[in-house]
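These notes concern the structure reproduced below.
Quick note: residue numbers are just sequence positions, from 1.
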Amino acid sequence: MDLLLWIIVGFIIIGFVVLASMKKSMERKVALLIENKESMESKQILTKPVVWWIVGVTVWGLVSIFLIVRSFSIYM
């Protein structure tokens, strides 16, 4: 197999493992935000990591889709 294919597969698998391992932490932060709705301090502290996690998941997904489509055009 070509090195590019291994890079694509590694990116997808490593990204999925990292995102899945961070999922529980983000769920706890969202639950804490819901629990403390009236506290503005906790909102500002806890919302940034959750938003950045969502942005990271979206970017990882888009890059993965692009790499899969690109690999079909290269290897098929």
Side-chain angles (χ1 to χ4, degrees):
M1 294 181 122
D2 195 41
L3 180 64
L4 180 63
L5 183 61
W6 283 109
I7 292 172
I8 292 170
V9 170
F11 176 79
I12 293 170
I13 290 174
I14 291 171
F16 184 74
V17 168
V18 168
L19 293 175
S21 68
M22 293 177 67
K23 181 178 175 269
K24 281 287 188 193
S25 171
M26 292 302 136
E27 285 176 348
R28 277 189 240 119
K29 287 181 183 181
V30 169
L32 192 59
L33 276 171
I34 292 171
E35 190 176 292
N36 298 328
K37 287 182 183 177
E38 60 276 344
S39 175
M40 289 301 288
E41 293 174 7
S42 67
K43 281 187 178 180
Q44 291 176 348
I45 293 171
L46 294 175
T47 31
K48 282 187 179 180
V50 173
V51 170
W52 279 112
W53 185 75
I54 292 170
V55 169
V57 169
T58 305
V59 169
W60 171 79
L62 291 173
V63 171
S64 295
I65 290 170
F66 172 76
L67 290 173
I68 290 171
V69 170
R70 179 88 173 147
S71 69
F72 279 134
S73 68
I74 292 173
Y75 295 110
M76 297 287 171

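- Looking at residues two or more places apart in sequence or on another chain, you find a side-chain contact (heavy atoms from CB on, under 4.5 Å) between F66 and R70.
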Would you tabulate the side-chain donor-acceptor contacts of residues 49-58 under 3.5 Å, counting partners in other chains and residues two or more places apart, or write 'none'?
unit_1: T58; atom_1: OG1; unit_2: I54; atom_2: O; d: 2.8

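- Scored by the side-chain contact (heavy atoms from CB on, under 4.5 Å) test, L4 finds D2, I8, I74, Y75 as partners (sequence neighbours excluded).
- No continuous path of ILVMFWY side-chain contacts below 4.5 Å connects I65 to V59, so the two sit in separate hydrophobic clusters.
- Clustering ILVMFWY residues whenever any of their side-chain heavy atoms sit less than 4.5 angstrom apart, transitively, puts L67 in a cluster other than the one holding L62.
- Here I12 contributes atom CD1 and F16 contributes atom CZ; the two are 11.5 Å apart, rounded to the nearest 0.5 Å.
- Other residues, nucleotides and ligands contribute at most 12 non-hydrogen atoms within 6.0 Å of the CD1 atom of I14.
- Between F11 and S64, the closest heavy-atom pair is CE2-OG, 3.7 Å.
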